[in-house]
Amino acid sequence: MDYRRTYVKDLLASQPQTGVEAFGWVKTRRDSKGVSFVQLSDGSCFNDLQIVIDAGTLPDETLKLLTTGASVRFTGDLVASPGEGQSVELKATGAEIFGASDPTTYPLQKKGATMEFLREIAHLRVRGNTFGAVFRVRAQAAYAVHKFFYERGFHWVHTPIITASDCEGAGAMFAVSTLLEAIEDHSGETPQTLWKLHNQNPKSDFFGKPAFLTVSGQLEAETLAMGLTNVYTFGPTFRAENSNTARHLSEFWMIEPEMAFCSLEGDMKLAEEFLRYVIQYLLDNSSQDLDFFNKRIEPELLSTLEHVANSSFEHLTYSEAVKHLESSGESFEFPCTWGSDLQAEHERWLTEVKVGRPVILTDYPKDIKAFYMRQNEDGKTVRAMDVLAPRIGEIIGGSQREERLDVLESRIKEMGLPIEAYWWYLDLRRFGSAPHAGFGLGFERLLMYVTGMKNIRDVIPYHRTPGNAEF
RNA sequence: UGCCCCUUAGCUCAGUCGGUAGAGCAGCUGACUGUUAAUCAGCGGGUCGUUGGUUCGAGUCCAACAGGGGCAGCCA
């Protein structure tokens with residue numbers, strides 16, 4: 001056996017020929033008097049290979065073991081299919097079963113299961129139509145991300161996953177420590193694992209100071225952009241927020257481009273180009289999987305994606321958006337006033353009702369945005385942007401960064417942050433500072449958008465959320 | 001973190017007023033010369049999430065716990 005062999009995807013695209021083999025897992029079997037049909041899947045593409053087994057070809061014992069979930073190698077001839085739904089099929093002459101799958105206990109079936117149930121058997125769900133498609137599209141999208149940046153001369157940079165800088169400021173962090181040790185407690189009826197804290201002094205911890213999992217690679221990416229000009233990160237990101245929604249994960253993958261000599265206008269242009277490029281790439285290269293999502297998951301998916309790939313995004317300033325919201329005539333649960341952050345219901349109205357496609361909001365009040373965003377001349381707003389998309393809300397958050405040393409320093413002090421910790425970040429403004437901008441994009445939110453999947457936990461193989469780290 | 005909902009067969013669900021359990025699919029057996037979520041007939045399948053309480057009697061009412069989910073906030 002060798003990984004260099006013919007896969008289901010290749011067989012389905014081949015002309016009839018003798019002496020072929022196919023490896024995979026049985027999805028279903030159908031029996032008639034003189035013939036049995038097996039749908040064989042190996043994950044190489046959306047469609048299954050239909051295996052035709054004439055009665056008497058295989059021993060009864062073998063045929064009986066060809067149940068949903070079994071892994072098998074079929075040998076035979078690839079022939080033109082007289083039935084509808086496929087151009088070729090494999091006429092079996094032999095079958096070797098590697099692993100049987102007891103149909104009375106195998107939890108996957110050919111008929112509907114809920115997303116919630118499949119999430120609890122996440123180690124098996126990839127064998128079904130939906131999750132096979134999700135993870136193929138995920139891989140294609142990741143490739144498209146790299147391709148997009150590579151074609152534009154961006155350098156992929158690897159910012160640290162463990163960070164001792166608690167100044168990233170993007171949310172609650174997970175601690176990374178060796179001061180804790182697991183101990184078994186046998187005093188109760190059932191033994192349980194407890195934590196023992198060696199001591200409470202961070203100086204004796206592994207890194208000699210408190211360390212955390214990164215919540216953003218942005219600040220480090222900025223340092224790399226101040227030498228490589230155009231860079232991006234694409235890696236895991238961690239937030240210890242107690243968020244329980246269909247669009248938050250504790251561990252997710254984020255894409256963060258950062259560009260030197262670039263204004264917010266260039267940043268917006270990149271964000272829009274990026275989204276439209278990835279969507280077009282998937283329309284061109286994942287059409288079978290997208291057709292399935294359009295048919296079974298989200299009926300408006302294809303028309304929406306095609307529309308977005310071919311039309312420019314609406315641009316609005318925060319202040320204009322607030323005016324639209326105030327005169328909308330809608331009765332929101334929370335009224336919209338200038339100076340406060342937009343509620344989810346406001347964002348939804350703007351992108352779904354008012355505009356009907358992605359919208360970029362810019363120039364937010366400085367008090368509701370991060371310290372590093374560049375201040376406008378009005379002294380009240382900053383060069384921030386959020387890209388909002390129908391159905392999923394905020395998909396991108398970015399800004400032009402504050403490149404003026406004095407303004408940045410006073411902003412850090414104003415917000416009560418420990419200025420000593422930012423010494424290296426401030427150095428960028430001391431030595432060859434340059435206007436620069438970037439954004440952060442949640443990869444799983446992008447995947448929700450392009451697949452139509454409704455819960456972010458269903459576009460990552462194993463989700464990490466508060467109270468859940470199974471598998 | 002706050003508010004709300006759900007948990008009955010392997011899966012998806014019904015179960016009225018509190019009176020001791022139902023369907024479809026899956027599985028098994030059989031029928032059918034080529035099916036596409038095949039079809040048809042028959043059969044088996046239950047600690048009603050767990051613990052406690054109210055009651056003559058609890059799937060049904062109450063409480064706690066466990067698991068799952070929705071909305072909001074935080075954000076990507």
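Order of the sequence lines sets the chain letters (A, B, ...), proteins ahead of strands, with each chain counted from 1. Computed from a predicted model, the values in this text were never measured in an experiment.
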Heavy-atom donor-acceptor pair, A:R247 side-chain to B:A76 base, under 3.5 Å: no
Over how many whole Å does the gap from [X] atom [atom1] to [N] atom [atom2] extend?
X      : N     : atom1 : atom2 : result
A:D458 : B:G68 : CG    : C1'   : 13 Å
A:L108 : B:U12 : CG    : P     : 11 Å
A:Q218 : B:A76 : CD    : C1'   : 12 Å
A:H248 : B:A72 : NE2   : C1'   : 11 Å
A:E333 : B:A72 : CD    : P     : 9 Å
A:M115 : B:U12 : CE    : P     : 12 Å
A:E120 : B:G10 : CD    : P     : 15 Å
A:K91  : B:U33 : NZ    : P     : 16 Å

Answer yes or no: is there a side-chain heavy-atom contact under 4.5 Å between [X] and [Y]?
X      : Y      : result
A:L441 : A:M254 : no
A:L249 : A:E444 : yes
A:F439 : A:M259 : no

Below 4.0 Å: OP1/OP2 of B:G69 and any side-chain N or O of A:R119: yes
A:T105 side-chain N/O to B:G10 phosphate OP1/OP2 under 4.0 Å: no
Taking only the side-chain heavy atoms of [X] (C-beta and beyond), determine which of [options] contains the nearest atom.
X      : options             : value
A:T245 : B:A72, B:G69, B:A76 : B:A72
A:A246 : B:C11, B:G68, B:G70 : B:G70
A:E116 : B:G27, B:G68, B:C71 : B:G68

Heavy atoms only, 4.0 Å cut-off, all strands: where does [X] land among base, sugar-phosphate and nothing?
X      : answer
A:F117 : sugar-phosphate
A:K454 : nothing
A:L249 : base
A:D48  : nothing
A:A344 : sugar-phosphate
A:I255 : nothing
A:S243 : base
A:R125 : nothing

Ionic contact status for A:E298 with A:K454, cut-off 4.0 Å: yes
Measure all distances between protein nitrogen or oxygen atoms and nitrogen or oxygen atoms of nucleotides 47-51 of chain B, and list the pairs falling under 3.5 Å.
none

Listed partners of A:E89 passing side-chain hydrogen bond (donor to acceptor under 3.5 Å, both in side chains), at least two apart: A:Q50, A:S81
Flag if over 12 foreign heavy atoms under 6.0 Å of OH, A:Y150: no
Any residue meeting side-chain contact (heavy atoms from CB on, under 4.5 Å) with A:S32, in chain and number order, not counting sequence neighbours: A:V35
Could you go through residues 463-471 of chain A and list every donor-acceptor pair under 3.5 Å that involves a side-chain atom there, pairing it with any protein atom two or more places apart or in another chain?
residue : atom : partner : partner atom : Å
A:R464  : NH1  : A:E470  : O            : 2.9
A:R464  : NH2  : A:F471  : O            : 2.7
A:N468  : OD1  : A:E470  : N            : 3.2

Set of residues satisfying salt bridge (Lys or Arg N to Asp or Glu O under 4.0 Å) with respect to A:E326, sequence neighbours excluded: none
Salt bridge (Lys or Arg N to Asp or Glu O under 4.0 Å) involving A:K147 - partner list, sequence neighbours excluded: A:E151
Involving RNA chain B, stems made of at least three consecutive Watson-Crick or G-U pairs, both distances under 3.5 Å: B:1-7 with B:66-72, B:10-13 with B:22-25, B:27-31 with B:39-43, B:49-53 with B:61-65
Plane angle bin for A:F174 and A:F238 - parallel if under 30°, tilted between 30 and 60°, otherwise perpendicular: perpendicular
Which residue lies more 5' along RNA chain B, comparing A:K64 with A:T114 via nearest heavy atoms: A:T114
Close approaches to RNA chain B from residues 461-471 of chain A, in residue order (heavy atom, under 4.0 Å): A:N468
Sort me out a list of protein N/O and nucleotides 35-42 of chain B N/O pairs below 3.5 Å, or just none if empty.
residue : atom : partner : partner atom : Å
B:U35   : O2'  : A:R30   : NE           : 2.9
B:U35   : O2   : A:R30   : NE           : 2.8
B:U35   : O2   : A:R30   : NH2          : 2.6
B:U35   : O2   : A:Q50   : OE1          : 3.3
B:U35   : N3   : A:Q50   : OE1          : 2.9
B:U35   : N3   : A:Q50   : NE2          : 2.9
B:U35   : O4   : A:Q50   : NE2          : 2.7
B:U36   : O2   : A:Q86   : OE1          : 3.3
B:U36   : N3   : A:E84   : O            : 2.7
B:U36   : N3   : A:Q86   : NE2          : 3.3
B:U36   : O4   : A:E84   : N            : 2.7
B:U36   : O4   : A:E84   : O            : 2.8
B:U36   : O4   : A:Q86   : NE2          : 3.4
B:A38   : OP1  : A:K110  : NZ           : 2.6
B:A38   : OP2  : A:R30   : NH1          : 3.0
B:A38   : N6   : A:D31   : O            : 2.9

Inter- and intrachain pairs under salt bridge (charged side-chain N to carboxylate O under 4.0 Å, His left out), touching residues 124-136 of chain A, at least two apart: A:R125-A:D458, A:R136-A:D289
Where the chi angle of B:U20 falls, syn if within 90° of 0 and anti if not: syn
Residue pair A:R152, A:E273: steps toward the salt bridge (charged side-chain N to carboxylate O under 4.0 Å, His left out) verdict: CA-CA 11 Å; A:R152 282 157 186 76; A:E273 239 178 77; 2.9 Å; yes
Ring-base stacking, A:F443 with B:A76 (5.5 Å, 30° cut-offs): no
Pairwise ring pair (Phe, Tyr, Trp, His ring centres under 6.0 Å) hits with a residue in residues 26-45 of chain A, at least two apart: none
Ring pair (Phe, Tyr, Trp, His ring centres under 6.0 Å) between A:H146 and A:Y232, worked out: CA-CA 9 Å; A:H146 287 300; A:Y232 70 103; 5.7 Å; yes
A:H315: partners by ring pair (Phe, Tyr, Trp, His ring centres under 6.0 Å), with sequence neighbours left out: none
